[in-house]
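Labels below follow one simple rule: chain letters A, B, ... track the order of the sequence lines, proteins then strands, and each chain is numbered from 1.
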Protein chains: 4
Amino acid sequence: MSQRQSKSEEAGSRENERRRTILRAAIDVFARKGYHGCRIADVAREAGVAYGLVYHYFKNKDELLETVVETGWSGFVSRLRAVAEDESSSLEQKVHGIAEVAFEAYRVDPRAVKVLILEVARSPAGTQVVSRQQAFLDTIRMSAEMFSRAQAAGELRADADPMLCASLLFGAIEMGLTAFVSGLVEDRSPEALERAKVQIANSFLHGVLPGATTSSEVSWKQEKASSGTRPKAGKRS
Amino acid sequence: MSQRQSKSEEAGSRENERRRTILRAAIDVFARKGYHGCRIADVAREAGVAYGLVYHYFKNKDELLETVVETGWSGFVSRLRAVAEDESSSLEQKVHGIAEVAFEAYRVDPRAVKVLILEVARSPAGTQVVSRQQAFLDTIRMSAEMFSRAQAAGELRADADPMLCASLLFGAIEMGLTAFVSGLVEDRSPEALERAKVQIANSFLHGVLPGATTSSEVSWKQEKASSGTRPKAGKRS
Amino acid sequence: MSQRQSKSEEAGSRENERRRTILRAAIDVFARKGYHGCRIADVAREAGVAYGLVYHYFKNKDELLETVVETGWSGFVSRLRAVAEDESSSLEQKVHGIAEVAFEAYRVDPRAVKVLILEVARSPAGTQVVSRQQAFLDTIRMSAEMFSRAQAAGELRADADPMLCASLLFGAIEMGLTAFVSGLVEDRSPEALERAKVQIANSFLHGVLPGATTSSEVSWKQEKASSGTRPKAGKRS
Amino acid sequence: MSQRQSKSEEAGSRENERRRTILRAAIDVFARKGYHGCRIADVAREAGVAYGLVYHYFKNKDELLETVVETGWSGFVSRLRAVAEDESSSLEQKVHGIAEVAFEAYRVDPRAVKVLILEVARSPAGTQVVSRQQAFLDTIRMSAEMFSRAQAAGELRADADPMLCASLLFGAIEMGLTAFVSGLVEDRSPEALERAKVQIANSFLHGVLPGATTSSEVSWKQEKASSGTRPKAGKRS
DNA sequence: AATGAATGAGTCTTCATTCAT
DNA sequence: TATGAATGAAGACTCATTCAT
């Protein structure tokens with residue numbers, strides 16, 4: 001009995017392993033060449049499996065990318081949601097938290113992030129199944145709601161458009177990551193990444209002009225000190 | 001003589017007209033379907049010319065995109081450069097100016113902007129001729145230098161990385177535009193566009209938190225008043 | 001000892017059973033989708049066995065069809081031969097007998113007949129192993145000989161070509177069955193089938209024109225009366 | 001003007017010529033290997049054109065076959081209809097006429113007939129677009145109506161099923177032709193063909209038994225005499 | 001014997017690019 | 001210049017067959 005069980009277990013895990021191997025390879029090739037530039041043959045070669053096996057695990061090229069996206073995206077989104085909907089934290093904390101989630105994702109798997117950025121965030125409207133594009137837009141909408149609530153609570157300028165705030169924040173994060181992805185920034189050390197993360201959140205919150213707010217200056221510095229952990233709220237008087 | 005001249009002139013202008021027709025069509029189709037999703041046949045049909053004629057004016061599909069980009073980009077970049085390197089204006093003015101240039105481009109030709117955003121800003125590294133990607137990165141580098149100079153002049157927080165500032169600014173602008181391009185924002189009226197432009201510049205400069213700086217509050221309002229024209233400097237004490 | 005024997009016997013019968021299950025499934029799927037339109041996977045699914053097991057029992061797809069054909073065909077042919085070479089019966093009896101054999105086969109297993117008709121009787125010459133096509137042609141040749149002998153005995157018009165007679169008879173029978181197979185005829189009741197069988201034999205023998213021969217008219221009616229059993233000779237004066 | 005006209009005319013004819021060349025090649029290859037056995041590459045090679053050109057003229061493989069069928073079939077059907085619905089001729093004449101039409105088609109283009117027989121008449125139901133199968137069945141239905149009318153006029157045995165009569169006639173014709181197509185009959189001379197045609201019609205009408213009808217005997221002989229021309233009515237007393 | 005994952009050759013189809021007119 | 005037919009390389013997808021367990 002245990003034999004049988006272990007057999008099916010092994011089979012299951014081996015199958016999953018294969019599947020993951022192919023998914024992994026797909027992520028890498030997509031990241032390197034983009035969806036259109038990558039051929040199934042590349043993925044198969046990268047994964048070290050036969051051509052046809054890709055089709056054993058995925059219906060077609062499109063489903064492969066779809067899966068790549070879903071896999072990477074769903075975790076990201078749920079983590080994001082946890083941050084955005086945490087009732088106990090301030091807007092500042094949330095913004096820092098969002099940056100943290102994004103940069104953490106990049107730290108863990110830069111290539112996957114690259115795929116998400118390149119193939120999901122932007123791409124011609126008609127091209128893809130709704131879901132992909134939608135996934136990204138939904139994320140922005142979710143954040144927009146976060147900003148709406150913050151505005152109602154007086155934590156956000158009254159004259160700021162929440163939807164636009166969400167767009168700007170993600171735009172800044174994304175381009176900040178792009179700066180790393182694209183090699184615009186040479187120093188890709190963990191420290192540089194950490195600094196970038198803090199700067200993004202802080203410039204979004206307090207702007208880039210000098211001496212704007214003393215309090216924020218403080219929290220900015222604090223932020224740098226507590227980097228790598230979930231940011232504690234910097235209290236403004 | 002004048003005949004001949006006018007003949008070649010006419011021919012020249014007719015030729016140019018054809019060329020422009022095709023370019024125009026290419027922009028529209030690229031914007032609609034993306035570079036990979038569009039076929040030469042689509043461009044020809046859109047332009048109302050014969051299939052082969054596209055190849056009479058452009059060496060190949062890639063050159064077509066290249067030309068689209070150059071045409072749209074070069075004007076954009078030179079206008080950007082004028083703003084960024086204007087010795088007489090403050091950083092605040094420059095940032096507002098950059099947003100203005102970007103939004104003006106969108107106002108004039110949203111589809112062209114869409115192509116630039118989708119096909120130029122992001123796309124797998126190896127895919128394209130250096131120039132395209134490079135063009136975008138160069139723009140960011142130019143802006144980074146602007147931020148460097150401003151930092152030296154004390155106009156920018158000392159602890160902000162100029163390159164990152166440039167990335168964030170363009171990221172915010174781009175995603176702001178994307179919000180319009182992608183239909184995330186319903187209200188695409190000139191006023192909404194104008195408001196978005198101001199908000200982007202101001203949140204970049206002063207952050208989104210409420211009551212941050214009185215002075216910026218003032219310039220924010222001023223900005224709204226002078227919208228649509230090249231921004232005059234909002235003086236900070 | 002008996003244990004061992006029964007073991008291998010059981011195994012043998014179980015094996016045979018499996019084999020037959022697969023063969024049965026193959027017939028059904030071939031009948032439904034045709035040889036080319038069906039995949040091994042279809043056969044396996046229909047049989048409720050694992051993919052690879054089909055290859056345990058049959059060398060390849062072609063052998064599968066070959067076996068289907070042989071199995072169905074050999075019985076058919078030997079029954080046909082028995083009728084055609086029965087020295088004691090008249091040509092009329094033989095023709096009725098042939099129709100009976102064909103329709104009986106259809107009654108017993110219409111799907112198998114469909115496969116034989118679709119995949120064996122007609123199919124491009126070069127496509128298949130000789131045997132399949134050959135099998136069908138041999139049957140016609142055998143019947144042609146029957147007609148030859150009948151002609152020598154004065155039972156067949158002197159100016160009729162025996163080979164052509166055989167072709168016509170089988171063509172009529174086959175298309176008659178096709179009318180049922182293809183749904184051209186709605187009424188597929190046993191009675192309708194019986195009537196069709198008689199009509200085929202009789203029109204082949206006496207033609208379709210009215211009042212041709214009194215005697216045949218008689219035998220025609222008699223035929224209808226004795227339908228369902230091996231036809232007794234209709235006496236010609 | 002005439003230049004232009006001739007130009008487009010030439011182009012039209014050249015285009016049509018190409019199209020026809022490919023169609024011709026398709027017929028030949030289909031006839032040789034059948035639909036499934038033939039590759040687009042074969043057709044292109046046979047036609048002496050580039051691979052892709054086939055797709056310039058035909059949407060895909062299926063449309064190619066569809067066109068082959070339509071082209072060959074429509075003419076056949078209309079000729080058949082003319083015979084079947086000719087109010088002035090007797091059933092005998094009509095049957096002979098139908099055989100004549102079929103054999104004439106074979107004489108003109110045996111390969112096309114082979115394709116029609118192999119790919120249209122029989123093939124699994126689900127496989128093809130309705131039209132193909134339907135085309136054949138419609139032809140039989142049309143003939144069935146002819147037999148119905150004849151029966152009402154007393155020209156057909158009262159106890160014969162018209163639909164079955166139609167099936168039998170076409171079955172006999174088709175298998176008769178198959179005997180030639182498949183090489184079952186060695187003598188493929190025009191005379192042999194002619195004889196076969198007459199025998200088919202006559203055995204269908206009067207049966208194969210000897211001495212059945214004096215009158216028919218006469219018409220049978222007459223038939224042979226007038227072979228090659230549209231059969232004149234053999235009067236029955 | 002039984003399973004179903006793995007393999008890869010064979011085809012269709014697309015589409016950028018060339019070429020004859 | 002203008003046209004659109006002609007070319008053929010590239011790549012997605014299928015499925016018969018093999019193989020390890």
Letter per nucleotide, 5' to 3', of nucleotides 4-9 of chain E [B base touched, S only sugar-phosphate touched, - untouched; heavy atoms, 4.0 Å] = BBBBB-
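We find that OH of D/Tyr55 is positioned 18 Å from C1' of E/dA16, with the value rounded to whole Å. Atom CZ of A/Arg45 and atom P of F/dG11 are 10 Å apart (whole Å). In this structure, CD of C/Glu63 is placed 10 Å from P of F/dT17, rounded to the nearest angstrom. The distance between atom NE2 of A/His36 and atom P of F/dA12, rounded to the nearest whole Å, is 11 Å. Across the protein-nucleic acid pair, A/Leu65 atom CG and F/dA12 atom P stand 13 Å apart, rounded to whole Å. Atom CZ in A/Phe58 sits about 15 Å away from atom P in F/dA12, given to the nearest Å. Separating the CZ atom of C/Arg19 from the P atom of E/dA2 is a distance of 13 Å, rounded to the nearest angstrom. The interatomic distance linking D/Leu64 (CG) with E/dT13 (P) rounds to 10 Å, in whole Å.
To the nearest 0.5 Å, atom CG of residue D/Leu65 and atom CZ of residue D/Phe58 are 11.0 Å apart. Between the CG atom in C/Leu23 and the CZ atom in C/Arg18 there is a gap of 14.5 Å [rounded to 0.5 Å]. Rounded to the nearest 0.5 angstrom, A/Ile27 CD1 and A/Cys38 SG are separated by 12.0 Å.
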Under 3.5 Å for both distances, Watson-Crick or G-U wobble, that's the pair rule; now give the dot-bracket for DNA chain E, with | marking pairs to another strand and [ ] for crossing ones.
-> .||||||||||||||||||||
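Pairs of residues two or more places apart, or lying in two chains, that qualify as salt bridge (Lys or Arg N to Asp or Glu O under 4.0 Å) and include a residue from residues 46-61 of chain A are A/Arg32-A/Glu46.
In this pair, D/His36 and C/His36 present their aromatic rings parallel. The plane angle is below 30°, not in the 30 to 60° band.
The nucleotide whose nearest atom lies closest to any side-chain atom of B/Ile40 is, among F/dA16, E/dA16, F/dA12, E/dA16.
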Run the numbers on C/Asp109 and C/Arg24 for salt bridge (Lys or Arg N to Asp or Glu O under 4.0 Å), then give the verdict.
-> CA-CA 11 Å; C/Asp109 193 345; C/Arg24 188 69 246 156; 2.8 Å; yes
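In this structure the side chain of B/Phe30 never reaches within 4.5 angstrom of the side chain of B/Val69, judged on heavy atoms. Two residues are said to be in side-chain contact when any heavy atoms from C-beta on lie closer than 4.5 Å; A/Arg19 and A/Ile22 fail this criterion.
The residue among D/Lys61 and B/Ala41 whose nearest nucleotide of DNA chain E is located toward the 5' end is D/Lys61.
Judged purely by distance below 3.5 Å, without hydrogens or angles, the side chains of A/Asn16 and A/Tyr57 never pair a donor atom with an acceptor atom.
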